[in-house]
Amino acid sequence: MTDTTPPVEPEIGHTVWHRGWEISYDVEASHWGAEGWRAYKGGPDLDAPHTSARTFSDLIEEIDAEETPL
């Protein structure tokens, strides 16, 4: 798999990487009505760029949009 090949959706509690973004599912965020899928560029550092989405495929699209040059 290359860094641009989308990963397979992980099981809840597992983490995958895509284009340098760490991706996981936040159950608490989901329960409170927020977008459960979260991604952090380089890992979950306090000031790391991050994004979220309701579905895994939407999150992959968000990451790809961030990483694709204009």
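Note: hydrogens, waters and symmetry copies are ignored here, and every other heavy atom, side chains too, is used. Keep in mind the model is a prediction, meaning the values are calculated, not measured.
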Spacing of [atom1] belonging to [X] relative to [atom2] belonging to [Y], to within rounding of 0.5 Å:
| X | Y | atom1 | atom2 | result |
| --- | --- | --- | --- | --- |
| Asp26 | Glu35 | CG | CD | 11.5 Å |
| Glu22 | Asp45 | CD | CG | 11.0 Å |
| Lys41 | Thr51 | NZ | OG1 | 12.0 Å |
| Asp64 | Ile60 | CG | CD1 | 6.5 Å |
| Trp37 | Asp58 | CH2 | CG | 12.0 Å |

Can you tell if the side chain of [X] reaches within under 4.5 Å of the side chain of [Y], non-hydrogen atoms only?
| X | Y | result |
| --- | --- | --- |
| Tyr40 | Pro49 | no |
| Trp17 | Ile23 | no |
| Pro10 | Phe56 | yes |
| Val16 | Val8 | no |
| Ile12 | Val27 | yes |

Heavy-atom closest pair, residues His18 and Thr5: ND1-O, 3.6 Å
Full working for side chain to side chain contact (heavy atoms under 4.5 Å, CB included) between His14 and Glu9: CA-CA 9 Å; His14 291 92; Glu9 183 175 328; over 6 Å; no
Chi angles and distances behind the side chain to side chain contact (heavy atoms under 4.5 Å, CB included) call for Ser30, Tyr25: CA-CA 8 Å; Ser30 174; Tyr25 189 78; 2.7 Å; yes
Contacts of Trp21 that satisfy ring-ring contact (aromatic ring centres under 6.0 Å, His included) - sequence neighbours left out: none
Side-chain donor or acceptor of His50 paired with backbone N/O of Ala48 under 3.5 Å: yes
Glu66 CD: over 12 foreign heavy atoms closer than 6.0 Å: no
